[in-house]
There are 2 protein chains.
Amino acid sequence: MTGTKQAGVDRTSGVALWRQIADDIRVAIGAGEFREAGKLPGEMALAERFGVNRHTVRAAIAALQTEGIVKAKAGRGTEILSDIRLKMPISRRTRFSSGLGGQARRPETAYIASGEAEASEEVAAALRIAPGTPCVTLETLGLADGIPVSLAFHTFPAARFAGIDEHFRRERSVTRSFAAMGLADYVRISTDISARHADEREREWLRLTPGGIVLEALAINADLEGVPVQYSRTLFSAGRVSLHVGTDVEL
Amino acid sequence: MTGTKQAGVDRTSGVALWRQIADDIRVAIGAGEFREAGKLPGEMALAERFGVNRHTVRAAIAALQTEGIVKAKAGRGTEILSDIRLKMPISRRTRFSSGLGGQARRPETAYIASGEAEASEEVAAALRIAPGTPCVTLETLGLADGIPVSLAFHTFPAARFAGIDEHFRRERSVTRSFAAMGLADYVRISTDISARHADEREREWLRLTPGGIVLEALAINADLEGVPVQYSRTLFSAGRVSLHVGTDVEL
DNA sequence: CTCAAATGTATATTTATCTAGACAATTAAA
DNA sequence: TTTAATTGTCTAGATAAATATACATTTGAG
C-alpha cells in the first residue's frame, strides 16, 4: 500500500518524513491532543494517521525521545513526559523572568559571554546613536525548569552602561542589572518577530535537533524618557515557546 | 573529498542538505550579504562554502528560483531578484491592507472560501461564547504585489455577523465588511505568535517549497466595548514577512 | 574571434531514507 | 497463565538524495 495523501506529510521532500512527523507530534502534544491518555497512540495507529510505514513513525519517536519529551517502553506505549509550550508575553513591560512567572516554572537566566563592540548600522538605528559608538554586548541563555528556551544577544550603549555585564554575572537578570546601575524602570518600545531554521550553534545552545525552528525577536527597550537603553536579538525555541502579544497589557 | 564540517550544514539528517542551503542563502540575501554584487557567488564557491557537491548547491538554487527570489542564467551567474521582507505591524489597530501601506506595495486580499461551523473550545474561549455556538468562517489570502504573504482563517459569531462572508466577497476587506454591518471600529485584543513548518495545503496557497516556515498568529479582535467580534488564525510566509510589535503604535 | 567563467545537462555510484514483513521481548489485563 | 497489545530488533528491497566526472552551452571581457 503506497500512502495516498494523509495528514500533513509531504513527500516532494526536502524534509525527511520522520522529521515532519516528529514536528507534527510535538505540536500536537503542545496543543494537548494526547493529554487525556498521557501517552501517544500506538505506532501502528500513528503510521496509519500519517500514511507511512511503522518504522518511519519509530524514527520520529526516536527523535522526540532524544529531545526528552516522550519515553517509549515495550508493552506499555510511549509516555508523554512534557506537554508544555511556554507563552512568553510581549508587552510594554516585557521581562524574561516575570513573563514566565505565572506558568509555575522555575525561570533562570545564564551568562554565556560578554564583550565590547562598535554599534553596527542596525544597532545604531535602534539605540538612536551614531554607528561606531562603543557598546557593551551580552549573550545570555534563558531556561525554564532547566530546559533552554531562549538565546539572547543584548547590546547596551557603553557611555551609559559600561560594566553592565559584570552586574549581570552577579545578578543574573537584566532588570536587576539596570537597577544596580541606577535605571529603576524601562519599557519595551518595539519588537520585530520573524522565524527561521536554527543554525548549528543555536541548535547546540537551545538543544534543538537539525531542522529546528527559532522565533527571532528584535527588541528595543527604553527608559521612561523614551531614550533607548537596550537592543536585543532573542531566539526562542519555536517548539517550546509562543509569543503572546497583548496590546492592552499594562502590568 | 568528504566534507569535514562546513558552514552550518548538518548531515545528522532530517533535513536535506539542499534545503538547509536554500534556507541559509535566503537568510543571507535578507541580511544583505550579496547586495553589493547583486548576484550569488558561483556554484563552485557556494559548494566550497557549504562543504557539499556543486549539484547539491544547484538543487538549493533551483528551489530559490521556484520561490522567485533568484534567477540563474548560464554564463552570467545567479541574479538576486528580491531581497525584501515585509514588515507587518501588530498593534491595537492591526489591519492587513493599511499595515502594508507604507511599504510602497500593492496590498490585496483574496477570497478563498467561507462557511458555517460550530465554535470549537479554542474559538469559544477566544470569542467568549459557548462551545457549539454557530459561527461564520472565512478563509482569505493576503497578497503584496501579487505575491501571497498570508493565509487567514477568520471566525465570527453568527448571531451578530451572519452573512459577513458575502460582504467580504464584495468588499475584499474585513474592515469594510465590518463597517457594512454596522461595526465602524474594532481593536486587536491579543495576538499569539508561533512558528512551524507549513503543511502541504498551506505551501500551495503561499507558494512555499517543502520545509517552508510559517509564522502562525492567533488573534482576537473586539469592538470598542471589548466584546470579541473576530478570531483569526493567520499564517504568514516567514521568508517574506516579519511581524512588528510596536507597543505604542496608534496609526 | 577567442577565451575564461558561468550555468546547464548527462550518467554512474554511493549513501540515506522509506517500505515491507517476520519475529522477539515486555507489559497489563483477562 | 494465557492472551492481546505494544515496543524492540532484524533483514531485504525500493526510492530519494548526494557525490563524482565529464562535457555542452551561454555570456561577457579582452
Side-chain angles (χ1 to χ4, degrees), chain A residues 1-6 8-25 34 37-66 70-81 209-211, chain B residues 1-6 8-25 34 37-66 70-81 209-211:
Chain A
M1 187 235 295
T2 318
T4 36
K5 189 195 247 193
Q6 248 84 359
V9 300
D10 188 314
R11 304 175 117 86
T12 36
S13 88
V15 183
L17 292 182
W18 64 263
R19 167 131 301 282
Q20 296 181 51
I21 291 168
D23 292 342
D24 211 284
I25 293 175
F34 315 116
K39 61 176 188 174
L40 297 183
E43 291 173 352
M44 290 302 269
L46 287 172
E48 180 101 0
R49 164 166 166 176
F50 290 106
V52 300
N53 190 273
R54 180 184 155 227
H55 292 88
T56 310
V57 168
R58 283 181 58 74
I61 290 175
L64 294 174
Q65 255 179 127
T66 66
V70 300
K71 177 85 181 79
K73 223 176 159 188
R76 296 203 58 217
T78 305
E79 186 191 1
I80 295 169
L81 300 179
T209 45
Chain B
M1 186 237 294
T2 319
T4 38
K5 189 196 245 192
Q6 247 82 359
V9 300
D10 191 317
R11 306 175 114 89
T12 37
S13 81
V15 182
L17 294 183
W18 64 263
R19 167 131 300 285
Q20 296 182 51
I21 291 167
D23 292 341
D24 212 285
I25 293 176
F34 315 116
K39 61 175 191 176
L40 298 183
E43 292 172 351
M44 289 303 270
L46 288 172
E48 178 102 359
R49 163 166 167 176
F50 291 106
V52 300
N53 190 272
R54 178 181 157 228
H55 291 88
T56 309
V57 169
R58 283 180 59 74
I61 290 175
L64 294 174
Q65 254 181 126
T66 68
V70 300
K71 177 86 181 77
K73 224 176 158 189
R76 296 203 56 217
T78 305
E79 187 191 0
I80 296 168
L81 298 179
T209 45

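Throughout, a chain's letter reflects where its sequence line sits, starting with A, and its residues are numbered from 1. Side chains included, hydrogens not; waters and symmetry mates left out as well; all remaining heavy atoms used.
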Rounded to whole Å, how long is the line connecting atom CE of B/Met44 with atom P of D/dT21? 11 Å
Close N or O pairs between protein and nucleotides 10-15 of chain D (under 3.5 Å):
from: D/dC10; atom 1: N4; to: A/His55; atom 2: NE2; distance (Å): 2.8

Integer-rounded Å distance: D/dT19 C1' and B/Glu43 CD: 15 Å
Please report, rounded to the nearest Å, how far the P atom of C/dA16 is from the CZ atom of A/Arg19. 17 Å
When the C1' atoms of the five terminal pairs at each end define the local axes, what inter-axis angle does the helix from C/dC1-D/dG30 to C/dA30-D/dT1 show, to 10 degrees? 30°
Nucleotide N/O of nucleotides 23-26 of chain D paired with protein N/O under 3.5 Å:
from: D/dT26; atom 1: O2; to: B/Gly75; atom 2: N; distance (Å): 3.4

Whole angstrom value for the distance that separates C1' of C/dT11 from CG of B/Asn53: 14 Å
Using nucleotides 12-14 of chain C, report all nitrogen or oxygen pairs with the protein that are shorter than 3.5 Å.
none

For C/dA6, take OP1 and OP2 only and decide whether either is under 4.0 Å from a side-chain N or O of B/Thr78. no
Under 4.0 Å between a side-chain N or O of A/Thr56 and OP1 or OP2 of C/dT19? yes
How close do B/Lys39 and B/Phe34 get, counting heavy atoms only, and between which atoms? O-CB, 3.6 Å
For residues 52-64 of chain B, which side-chain donor-acceptor pairs fall under 3.5 Å, sequence neighbours excluded?
from: B/Asn53; atom 1: OD1; to: B/His55; atom 2: N; distance (Å): 2.9
from: B/Asn53; atom 1: OD1; to: B/His55; atom 2: ND1; distance (Å): 2.9
from: B/Arg54; atom 1: NE; to: B/Glu43; atom 2: OE1; distance (Å): 2.6
from: B/Arg54; atom 1: NH2; to: B/Glu43; atom 2: OE1; distance (Å): 3.0
from: B/Arg58; atom 1: NH1; to: B/Glu43; atom 2: OE2; distance (Å): 2.8

Sequence neighbours excluded, the answer for side chain to side chain contact (heavy atoms under 4.5 Å, CB included) partners of A/Lys73 is A/Arg76
Quickly work out the B/Arg58 CZ to D/dT19 P distance and round it to whole Å. 14 Å
What is the distance, to the nearest angstrom, from the NZ atom on A/Lys71 to the P atom on C/dT27? 11 Å
What is the distance, to the nearest angstrom, from the CD atom on B/Glu48 to the P atom on D/dT19? 13 Å
Could you check how far CD of A/Glu79 sits from P of D/dT6, rounded to whole Å? 16 Å
For B/Leu46 and B/Ile25, run side-chain contact (heavy atoms from CB on, under 4.5 Å): C-alpha distance rounded to whole Å, both residues' side-chain angles, the deciding distance at 0.1 Å, then the answer. CA-CA 9 Å; B/Leu46 288 172; B/Ile25 293 176; 4.2 Å; yes
Hey, which of A/Val70, A/Thr78, A/Leu81 is the one that makes side chain to side chain contact (heavy atoms under 4.5 Å, CB included) with A/Gln65? A/Val70
